[in-house]
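Here the structure is laid out as structure tokens; the discussion comes afterwards.
Letters A, B, ... are given to chains in the order of the sequence lines, protein chains preceding strands, and every chain is numbered from 1. Because the structure is predicted, anything quoted here is derived from the model rather than measured.
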Amino acid sequence: MNYRAHDLKREDFAPLEKSQLDEVVARPSLSYWQDAWRRFKQNTRAIISMYILIALAVFTLGGPLLWTVDASKQNLNQTSQPPGLAKHALVVSAFERWTLPTDPSRPEYGDLPPEELANPEGLRAAEAPNTQSVRITWRPVAEAGGYNIYRHTRPPTSMQDLGLPLGSIETGNVHGYEDRLNLKQEDYFYSVVATDGFDEAETYATLQLRPQLAITREHALEQGLSEDPRAGDTVTLAFYPLGTDYLGRDMLARLMEGARVSLFIGVIAPLAFVIFGVAYGGFSGYVGGTIDNILMRLADFVVALPFLLFMILFKIAFGIGPGESGVIPMLVALVLLSWPATARLVRGQVLQIREQGYIDAARLMGASNHYLIARHILPNTMGVVLVTFTFAVPMAIFAEAFLSFIGMGVAPPTPSWGSMCNEGVKTMLSHPHELILPAALISITVLAFNLFGDGLTEALDARMRGRE
Amino acid sequence: MTKGFLVSIRNVISFLGQQRLWAFFCLIIPIVSLAAVNGETRTITISLTEEPPQLNSMKATDQVSIFVLGHLMEGLVRYDPRGRLVPGVAKSWDVEDLDYTFQLRDDARWSDGKPVTAHDFVFSWRNALDPATASEYAFILYAVKNGEAINKGERPITDLGIHALDDHTLVVTLERPTAYFLKLCAFASYLPVQEDMVRAKGDRYAADAGDFLMNGPFKLEDWVHGASLRMIKNEHYWDRDNIFLNEINADYITSDTRARLNLFLDDKIVYTSLDGDTYKDALANQLRIRSFTTGSVFFLEYNHRDGRLTSNLNLRRAIQYAYDADEMVNKVLATPGNLPGISVFPVWLDGVEGKFRDEYPAPKAERNIVRAREYLARAKEELGGDIPPLILLVGNSPTASKQAEYIQGELLNTLGLDIRIDKQIFKQRLAKMTSGDFDIVGAGWGPDFDDIMTFGDLFASWNLNNRGRYNNPDYDQHIRTAMNSVDTLTRMEAMANAQQILFDDAVVLPQYEQGVIYLLHPKLRGVVRRVTGVDPDFTRARILP
Amino acid sequence: MFRYIAKRLLAGVITIWFIATATFFAMHAVPGDPLMNDKAVSDEVRKNLEARYGLDKPLGEQYIIFISNMLRGDFGISFTQQNRRVNDIIREHFPVSAILGIFAIIIAALGGILWGALTALYRNRLPDILIMLLVILGISVPGFVFAATGQLALVHVNAIFGVKVLPVAGWGTFSHMLMPALVLGLGTMALLTRLMRTSMIDVMGEDYIRTAHAKGLSKQRIFLRHQLRNAILPVVTVLGPQISAITTGGFVVEYVFAIPGLGRYFVQAVQQLDYTVIMGTTVFYGAFLVLMVILVDILYGFIDPRVRVSA
């Protein structure tokens with residue numbers, strides 16, 4: 001302000017009138033919870049988490065209504081497909097075993113030692129190869145006592161690198177082989193090596209081919225791909241947007257069905273045992289003394305019990321029939337065996353908070369125990385409790401997977417994200433989508449609850465109030 | 001912000017550094033560890049799938065123990081690399097009716113230098129059959145006269161049909177003519193054991209490296225339980241000149257196939273088996289994959305007890321014609337080496353002159369949905385309406401669950417049958433199998449000895465391993481014929497009839513004959529894979545220069 | 001103080017007794033037994049086996065025998081590894097698990113405290129977001145995956161460098177411990193990071209921190225003397241049971257890295273229903289846990305003198 005001294009006049013020093021507007025409350029008075037809710041709504045993390053949770057709910061509940069593929073329908077023609085577009089397949093007639101070409105004029109065993117056996121010549125496909133069977137044939141090698149057949153997915157580089165050993169032919173006069181092992185529509189390199197019945201020659205012949213994706217008439221009819229399929233037609237195979245698993249089941253449908261189980265267990269179980277743990281630990285820490293001792297020893301007792309053994313016992317005690325999904329018993333069992341960690345954590349917090357100054361002050365002012373716990377102690381443990389909850393979610397999901405693995409929990413073919421992860425781990429490097437998809441969904445769920453927890457902490461934290 | 005961030009980190013680190021923790025962390029020294037193969041010291045390193053539970057040959061039952069014992073001990077006879085029975089401790093033998101007279105070598109010795117005598121065999125066979133020893137494989141010695149009676153406690157162990165004429169002559173009398181008796185002699189329970197050692201050690205016999213004696217190509221030098229095993233060449237072994245290796249180290253104990261592949265890639269072990277996922281890694285690393293059919297057969301066993309749905313023949317036939325063994329092997333198992341299951345008798349069994357399955361081809365049910373549904377309709381009539389859910393009992397291994405889910409889906413799809421999968425852990429599954437608490441159970445059988453009888457008597461009504469309690473007097477008769485005859489043709493004809501009954505009655509549903517794929521160090525030669533006996537056999541392995 | 005410890009030890013013994021009893025009867029209630037095997041045995045052999053192991057006696061009598069043996073410190077012989085005493089199994093394998101576990105805990109604790117503090121100090125800024133995403137990834141992915149990828153990474157590193165930088169599996173030297181300990185500690189590290197963050201945020205808002213700033217104390221001093229010490233209580237609470245869990249557990253890591261630890265025995269014993277090993281390992285684990293919890297409670301008093309456990 002740029003007043004110069006001679007600018008000030010007497011009027012400037014006249015007393016002001018009292019104005020009614022001095023002490024008007026600018027905003028309505030909010031209670032603790034109203035304030036918390038308002039701040040929660042504004043919190044970025046909380047908003048993101050709400051969107052994710054809503055998306056998950058839609059995925060779980062609404063998804064199956066839109067995508068009606070059966071999650072347990074197996075399709076052995078399309079196992080472990082990565083996500084991609086729908087494929088076209090050739091319709092072929094039912095499989096009949098190939099009579100391997102045999103040259104009766106040749107002996108079954110020859111006289112030459114293996115290192116002198118020649119290369120099989122004229123290695124070719126006996127007919128157009130398709131994923132139902134690949135039939136290769138070659139001109140018999142003189143004096144051979146048998147052949148070894150290999151298959152690779154890239155050109156072989158040496159005798160040591162011929163690929164998968166498909167099989168052996170035990171006599172020298174059979175000169176053909178039929179391959180049906182997990183054929184896919186990709187480039188294969190077949191190598192044939194002559195043997196003397198025991199040991200291999202030192203040269204090999206290679207043939208490159210690419211089987212045509214094929215489906216039998218029966219399967220095409222069964223899957224409803226065509227009204228009247230004839231051999232030679234092309235049909236479009238069922239579309240699997242997220243690919244298939246190891247038995248050819250649609251990943252998207254399985255993820256949706258698995259969501260129900262996993263989210264149910266993953267949310268309800270932690271909620272249950274966290275609430276119980278908070279009540280137990282809070283009470284124990286607040287009361288202290290011998291009761292605290294006894295209650296905590298009970299918690300120790302539960303932790304020290306062998307988890308697997310008692311799960312088996314629960315399974316029998318709850319009388320879950322073979323092959324039935326025992327979700328509720330599993331829930332109860334999980335809660336019963338997991339609450340001690342939360343209880344102990346909350347107890348530790350309560351012990352610390354109990355000694356704070358404001359507790360004594362409130363007590364002196366006449367606050368009851370109930371008021372102290374609900375109004376002062378519990379809100380201050382919220383941070384730790386929320387962390388435990390967010391960690392409990394994936395723990396419950398994987399515990400459920402483990403229990404399904406040992407026969408408790410959901411029975412096959414019902415999927416759950418955790419068990420899909422367990423299955424996916426085995427083919428981690430060859431078919432990563434089987435692991436990545438369920439793991440990603442679990443991660444997103446955990447992220448959502450984490451953000452939710454963070455938002456909640458910031459909203460509820462009394463110390464943050466008024467310090468924006 | 002960044003500067004502040006780095007400053008904070010620096011502060012924390014300097015705090016930690018002051019605590020002299022870093023000195024601890026600087027102990028990272030690349031170690032010079034054993035390579036898988038060492039040509040100079042003639043050492044190889046392998047891994048075991050688990051700690052051998054029992055190295056007492058009179059009581060051993062599991063694969064790992066028998067594998068280790070196969071390298072440390074030798075019986076009357078052994079198998080050569082081509083699978084033929086050749087002299088072991090016995091250098092020759094004469095057979096006259098039920099009497100086998102074995103002449104033992106003079107130079108067969110224990111690892112402490114003492115000679116292996118006929119008494120050692122007498123002692124070990126008697127001990128194995130002694131009910132007080134409670135050996136689970138005692139039944140394999142029932143071929144010897146009075147063996148079964150002794151094991152049941154009806155006779156004293158001195159009544160066993162074996163005695164030593166002198167230190168190097170052993171006479172064995174059989175209970176009944178047993179064509180495959182010599183092959184039995186190669187089994188672990190028939191190994192000799194030195195009596196003095198057992199008396200001295202009592203319960204601690206074979207508990208540690210120093211607690212037993214070995215008469216085989218290698219002896220046990222170190223045994224750190226749960227961690228490693230070290231076998232070194234036995235300088236007292238009679239055939240030591242043909243043993244190339246000086247040391248076999250079992251330095252790693254893990255059953256994780258991926259971990260073993262990683263060890264192989266890291267050049268730490270010479271052998272590992274592969275599975276459906278790890279073989280792709282092996283191919284990517286340009287390693288030579290080998291395949292081997294293990295000789296075990298896997299099948300679905302039905303519960304034939306009264307009152308069970310699966311005791312209905314038409315139901316079983318319906319499943320028989322709905323099942324596609326090719327699909328199981330090619331799409332579900334999807335690794336080479338497995339053969340589609342057609343018969344309970346695997347392809348490697350010997351027949352009269354060639355292979356049993358070549359001479360007596362197994363009857364086969366080619367997949368025929370129409371026919372399957374006809375059988376199902378008949379079954380429904382007989383059982384009075386729709387078929388309630390059937391319980392399929394399986395173990396909790398990943399392969400077992402995968403196969404079970406496949407079968408569940410297939411039977412639902414083709415026949416509309418509701419199969420409930422009952423996954424149980426090992427002991428609970430055994431308990432249910434024993435009490436008959438299942439409709440179908442996933443089962444398998446590995447051969448104990450190299451003769452068709454090891455599979456044949458599986459479904460005889462007296463066999464406790466006949467979990468489904470299948471009871472057919474005709475079948476039993478064929479088995480008895482085969483057991484009591486020494487004429488190969490008679491035996492094989494009887495077994496062929498048994499095979500036919502198994503098919504006609506759809507007693508079990510054969511699924512596949514197991515194959516494994518594996519990696520072997522390129523410098524190693526002479527490693528033998530066997531269907532019965534020691535597998536893989538490293539005793540006469542050689543390292544290429 | 002000593003009276004307190006004595007009282008706690010007594011309570012601990014009673015707890016262990018309860019644990020042993022509950023486990024004993026649960027074990028016998030489950031179907032199956034250690035003597036069953038793939039190859040069925042005749043009734044005579046079975047009777048002999050039962051007699052030899054004392055399983056034919058009535059349950060109450062078996063229990064009394066077990067308790068009296070336990071008081072003498074004898075847990076018997078394993079059913080599956082028939083030549084090993086349970087005491088020997090624990091004695092030989094526990095140190096391996098313990099060393100690995102302690103190393104894993106050190107990594108987890110240091111990492112957790114460091115990352116947790118950083119996220120709290122740089123709240124809502126880039127380090128916080130990055131670390132939190134890593135934490136979430138760390139707990140959403142099954143532990144098996146980390147073990148397998150960790151081992152695979154070692155194979156590749158060894159291949160790239162041509163020399164064996166770190167062993168891929170096995171046990172024996174310090175370098176065998178590095179990767180397994182890291183993998184083992186990951187889960188705990190994630191948990192500690194989160195706890196530390198929450199705790200630190202709580203503490204950072206306290207008035208005495210503001211006072212310390214106003215007094216002119218350096219950031220390090222505030223961090224170490226005030227923030228860390230007050231925030232570390234939940235971490236310590238969790239560490240106690242985590243230590244006992246990790247040193248006796250770690251099944252997956254031991255399986256993948258071929259480490260001869262005790263973790264395997266816990267799981268395998270239940271699967272095989274190996275009665276003696278189940279009892280031995282459970283009682284041992286229970287005792288260890290009880291001890292750790294007592295230690296943690298005593299530690300409370302040192303960290304935060306206001307906390308009086310023995311109210």
Side-chain angles (χ1 to χ4, degrees), chain B residues 1 5 8-9 11-12 15-16 27-33 47 51 53-56 59 61 131-139 151-153 203-208 211 224-227 251-256 258-259 262-263 265-266 268 425-428 430-432 434 464-465 467, chain C residues 30-34 36-42 44-45 48-49 52 77 80-84 88-89 92-93 110 114 117-118 121-122 125-127 148 151-152 154-155 158-159 163-171 173-175 178 219-220 223-224 255-258 260 264 270-273:
Chain B
M1 184 278 261
F5 179 66
S8 294
I9 299 245
N11 291 330
V12 176
F15 159 67
L16 292 171
L27 288 173
I28 302 174
I29 310 164
I31 53 166
V32 178
S33 58
S47 86
E51 154 85 357
Q54 178 63 275
L55 285 189
N56 179 341
K59 297 208 261 186
T61 60
T133 313
S135 163
E136 287 170 42
Y137 253 112
F139 68 86
N151 197 231
K152 291 203 161 97
D203 267 344
R204 295 283 305 161
Y205 176 70
D208 270 309
D211 291 333
V224 179
H225 289 286
D251 267 349
Y252 306 93
I253 301 193
T254 174
S255 53
D256 183 22
R258 197 157 267 292
N262 286 332
L263 281 168
L265 289 172
D266 205 44
K268 286 287 189 295
I425 308 184
F426 186 46
K427 294 289 177 176
Q428 284 75 50
L430 285 178
K432 282 200 168 188
T434 316
L464 292 164
N465 289 306
R467 305 281 189 186
Chain C
V30 163
D33 61 54
M36 280 187 182
N37 235 317
D38 273 326
K39 312 245 163 159
V41 288
S42 66
E44 291 80 16
V45 176
N48 286 320
L49 280 171
R52 163 186 264 261
I77 300 184
T80 45
Q81 313 235 314
Q82 290 149 26
N83 295 314
R84 297 184 75 191
D88 290 339
I89 293 178
E92 284 165 28
H93 294 296
L110 289 177
L114 178 65
L118 278 175
L121 291 169
Y122 289 97
R125 293 200 284 240
L126 191 58
Q151 194 176 52
L152 203 57
L154 285 181
V155 174
N158 284 344
V163 74
K164 302 285 179 255
V165 175
L166 284 176
V168 158
W171 183 256
T173 69
F174 179 76
S175 25
L178 281 170
K219 275 205 170 160
Q220 284 106 287
F223 174 68
L224 294 170
Y255 179 68
V256 171
F257 289 95
R264 280 190 280 201
V270 175
Q271 288 186 321
Q272 305 276 18
L273 270 191

Selection from Lys59(B), Arg258(B), Lys152(B) maximising heavy-atom pairs under 4.5 Å formed with chain C: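 Of Lys59(B), Arg258(B), Lys152(B), Lys152(B) has the most heavy-atom pairs under 4.5 Å with chain C.
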Top contributor to chain C interface from Ala206(B), Ser47(B), Ala134(B), Ala132(B) [non-hydrogen pairs under 4.5 Å]: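 When all of Ala206(B), Ser47(B), Ala134(B), Ala132(B) are compared, Ala134(B) has the most.
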[X] to [Y] - nearest heavy-atom pair and separation:
| X | Y | value |
| --- | --- | --- |
| Thr80(C) | Pro53(B) | O-CB, 2.9 Å |
| Gln151(C) | Asn262(B) | OE1-ND2, 2.7 Å |
| Val41(C) | Glu136(B) | CG1-CG, 3.6 Å |
| Arg84(C) | Gly226(B) | NH1-N, 4.2 Å |
| Ala169(C) | Tyr252(B) | O-CE2, 3.4 Å |
| Tyr255(C) | Ser255(B) | CE1-OG, 3.1 Å |

Would you call [X] and [Y] a side-chain contact if the rule is heavy atoms closer than 4.5 Å?
| X | Y | value |
| --- | --- | --- |
| Trp171(C) | Asp251(B) | no |
| Glu51(B) | Ile89(C) | no |
| Lys268(B) | Val168(C) | no |
| Leu273(C) | Gln428(B) | yes |

I'd like to verify something: which residue of [options] has the highest number of heavy-atom pairs under 4.5 Å with chain B?
| options | value |
| --- | --- |
| Val155(C), Ile77(C), Asn37(C), Asp88(C) | Asn37(C) |
| Ala40(C), Pro34(C), Ala148(C) | Ala40(C) |
| Leu154(C), Leu152(C), Asp38(C) | Asp38(C) |
| Asn158(C), Leu49(C), Val30(C), Val270(C) | Leu49(C) |

Gln271(C), part contacting chain B, at a heavy-atom distance under 4.5 Å: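 Contact with chain B is through both the backbone and side chain of Gln271(C).
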Interchain contact, Asp33(C) with chain B, by part (heavy-atom threshold 4.5 Å):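 The answer is the backbone of Asp33(C).
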Residues that Asp211(B) engages under side-chain contact (heavy atoms from CB on, under 4.5 Å), provided they are two or more places apart: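 In terms of side-chain contact (heavy atoms from CB on, under 4.5 Å), with neighbours along the sequence ignored, Asp211(B) is linked to Lys201(B), Arg204(B), Ala207(B), Asp208(B).
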Heavy-atom donor-acceptor pair, Thr254(B) side chain to Val256(C) backbone, under 3.5 Å: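 Side chain of Thr254(B) to backbone of Val256(C), a donor-acceptor pair under 3.5 Å: no, none is there.
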Main-chain N/O of Pro131(B) paired with Asn48(C) side-chain donor or acceptor, under 3.5 Å: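 Yes, because the side chain of Asn48(C) sits within donor-acceptor range (under 3.5 Å) of the backbone of Pro131(B).
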Interchain contact, Ile425(B) with chain C, by part (heavy-atom threshold 4.5 Å):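 Just the side chain, heavy atoms under 4.5 Å.
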Segment of Tyr137(B) engaging chain C (4.5 angstrom heavy-atom cut-off):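 Contact with chain C involves the side chain of Tyr137(B) alone.
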